Each structure stands twice: as C-alpha cells, then as structure tokens.
Number of protein chains: 2
Amino acid sequence: MQQEKNEVLIYAPALCPMALTLDVIGGKWKPLVVYLVSQGVNRFSTLEKQLPGISRKMLANQLRELESDGLLSREIFAEVPPRVEYSLTEKGASLMEVLMPVYEWGARNLQHRMRHLH
Amino acid sequence: MQQEKNEVLIYAPALCPMALTLDVIGGKWKPLVVYLVSQGVNRFSTLEKQLPGISRKMLANQLRELESDGLLSREIFAEVPPRVEYSLTEKGASLMEVLMPVYEWGARNLQHRMRHLH
DNA sequence: CTGGATCCAACGAGATACTG
DNA sequence: CAGTATCTCGTTGGATCCAG
C-alpha cells in the first residue's frame with residue numbers, strides 16, 4: 001500500500017470517487033431520505049412526517065438532487081389533489097448495497113455519538 | 001424490506017448510524033486526508049502539499065476531528081524543528097475497508113461528475 | 001399536496017497574522 | 001514546522017408567502 005517515494009500524486013475532491021460519492025449521498029438528510037424511500041415511504045408528506053426537523057425547502061432540495069443524480073425517480077400523477085411518488089432506481093439500490101456495511105460499521109463503532117431523543 | 005403498514009418509525013440524523021458515519025467521514029476533505037495518511041503521507045506539510053486548495057485552518061480542523069473520532073492517532077516528537085506524525089488507527093483502518101466498495105461504486109457510477117483539472 | 005421564490009440570519013470557510 | 005486567533009465574507013438553511 002505504500003507509494004513510491006518519488007511518486008507525486010495530487011488529490012482533489014473533484015477527482016476522488018470517494019469524495020464524489022460522499023457529495024452525492026452526504027449531507028444531513030440524504031441517507032435517511034434514500035433509506036426511507038427504499039422502505040416504501042415514497043411521498044413528500046410522509047417523508048416529511050418521518051423526518052422531524054427537516055424543512056420543506058431542504059426536503060425538496062435533497063429530493064431534486066437525489067433525482068438528478070439518478071438515485072431516485074419521480075412520478076407525477078395528474079390528479080386532484082396532485083400526487084407525486086418517489087422510488088429507488090437501480091443505481092440507487094446498488095448504492096444502498098455498498099452503504100449497508102458503512103451503516104453497520106457506524107452501528108458498531110459510533111454508539112458513543114448517539115444522542116438519545118425523548 | 002417493506003415495513004408493516006402501521007409501524008411508525010421516526011428517523012433522525014442523531015440516531016442513524018449511517019448519518020453518524022457520514023458525519024465522521026463526510027466533508028470535502030476527510031476521506032482524502034484519511035486515504036493519504038493510510039498511504040504514508042503522515043505529516044502536516046506533506047498533507048498540505050497533496051491537497052491543493054485546502055487551507056491550513058481546514059486541514060488542522062479535519063485532523064483534530066479525525067483524531068478525536070479515533071480514526072487517526074497523532075504523535076508529537078520533541079525535536080527542533082518540531083515534528084508531528086499522523087497514522088491510521090485500527091478503527092480508521094476498519095473504516096477504510098468498508099469505504100473501499102463506496103469508492104469503487106463512485107468510480108463506476110460517477111465519472112460524469114468528474115472535473116478535469118489542468 | 002407538492003413544491004418554487006424570496007428574504008434574512010447563522011454558520012462555515014478563506015486570508016492573514018502571530019506563536020511554541 | 002505545525003499550528004492558533006481573529007476578522008471577514010460567502011454560502012447554507014429556516015421562515016414565509018405564493019402557485020400549479
């Protein structure tokens with residue numbers, strides 16, 4: 001794993017797949033949003049209920065970004081009242097798979113960081 | 001994977017291991033810093049050279065946080081000139097392992113997001 | 001119901017100067 | 001060499017109002 005002494009590598013977030021991935025899934029709410037959608041919580045209002053503390057604007061922004069990154073798809077139903085449903089794309093599902101071990105690592109190593117809500 | 005219809009789950013970043021982990025490793029520079037340290041780039045000034053664009057303050061902050069989260073250890077040598085070396089802890093190494101698939105996912109799925117630097 | 005647009009406050013991050 | 005302190009500014013996110 002050790003690099004050659006004279007090898008010069010320049011690293012930058014814009015070139016690192018890890019940083020790019022964290023940019024796509026990072027942020028305070030995105031992993032929870034993706035997870036909830038994967039669990040069938042697929043409408044704006046139900047997501048909002050499950051995410052106490054998130055603002056409408058933030059939820060809308062996160063959903064737009066997740067959609068434009070191809071993780072979620074968005075289906076609009078021309079009804080009254082209007083209805084929109086989100087679902088996980090294949091790409092989103094494949095990301096969820098690689099993220100599960102990360103989730104488990106956190107569960108094993110970060111208990112001390114958990115805040116207990118009442 | 002589908003939850004029961006009447007099950008009511010409340011999600012919050014403070015309770016989600018994924019969000020906690022992303023908080024620990026997230027941010028623009030942390031994954032690169034951890035990776036570089038794992039590759040033997042273990043001093044402040046060499047890290048700074050490899051991370052064009054990062055400010056001293058940011059690098060110092062990220063190193064402090066990574067240290068307090070137990071991912072990096074910091075060894076101070078009482079010399080002139082002063083010398084400090086960072087290294088990956090076991091915990092940091094175990095995180096790197098679960099993050100490799102994330103890295104690979106990004107490499108496969110996020111090429112379109114890469115910016116070419118000259 | 002699902003958002004977009006706007007305004008504003010708070011926080012994060014860069015630049016610079018200084019220190020053990 | 002390896003940082004810290006301060007100051008400032010830009011961006012982010014919350015609140016509110018409006019619309020399809």
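All of these numbers come straight from a predicted model, not from anything done at the bench. Residue numbering restarts at 1 for every chain, and letters A, B, ... go by the order of the sequence lines.
- Screening residues 89-110 of chain A for salt bridge (Lys or Arg N to Asp or Glu O under 4.0 Å), with sequence neighbours left out, gives no hits.
- Looking at B:Pro13 and B:Asp23, their side chains never come closer than 4.5 Å, going by heavy atoms from C-beta outward.
- Scanning all heavy atoms of the two residues, the minimum distance from A:Val102 to A:Val98 falls at CG2-O, 3.9 Å.
- Once you apply a 4.0 Å limit to the heavy atoms of chain A, the touched nucleotides of DNA chain C run 5' to 3' over C:dC1 to C:dT6.
- Among all heavy-atom pairs drawn from B:Ala12 and A:Leu32, the shortest one is C-CD1, 3.7 Å.
- A:Ser55 has no side-chain polar atom (N or O) that falls below the 4.0 Å cut-off from OP1 or OP2 of D:dG13.
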Extract all donor-acceptor atom pairs below 3.5 Å that involve side chains of residues 53-64 of chain B and protein atoms in other chains or at least two apart in sequence.
{"unit_1": "B:Ser55", "atom_1": "OG", "unit_2": "B:Met58", "atom_2": "N", "d": "3.2"}
{"unit_1": "B:Arg64", "atom_1": "NH2", "unit_2": "B:Tyr86", "atom_2": "OH", "d": "3.4"}

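- Looking at residues 56-77 of chain B, you'll see B:Arg56, B:Lys57, B:Ala60, B:Arg64, B:Arg74 sit with a heavy atom under 4.0 Å from some atom of DNA chain D.
- Ring planes of B:Tyr103 and B:Tyr35: parallel class, angle under 30° (limits at 30 and 60°).
- Annotation for B:Ser38 and B:Met96: closest pair OG-CE, 3.8 Å, computed over non-hydrogen atoms.
- Between B:Pro52 and B:Trp29 the shortest heavy-atom distance is O-CH2, 3.7 Å.
- Of all non-hydrogen atoms in B:Val84 and B:Arg74, the two that sit nearest each other are CG1-CG, 3.8 Å.
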Distances under 3.5 Å between nitrogen or oxygen atoms of protein and nucleotides 18-20 of chain D:
none

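- A:Thr21 has its side chain within reach of A:Leu95: a pair of non-hydrogen atoms, C-beta onward, lies under 4.5 Å apart.
- Nearest approach of A:Leu47 to A:Val33, heavy atoms of both residues: CD2-O, 4.4 Å.
- End-to-end axis angle of the helix from C:dC1-D:dG20 to C:dG20-D:dC1, using five pairs per end and rounding to 10°, comes to 50°.
- Judged by distance alone, the side chains of A:Ser73 and A:Ser87 do bring a donor and an acceptor atom under 3.5 Å apart.
- A:Pro31 is not listed as a side-chain neighbour of A:Leu99, based on a closest heavy-atom distance of 4.5 Å or more.
- Position along DNA chain C of the nearest nucleotide to A:Thr46 versus B:Ile54 favours A:Thr46 as the more 5'-ward residue.
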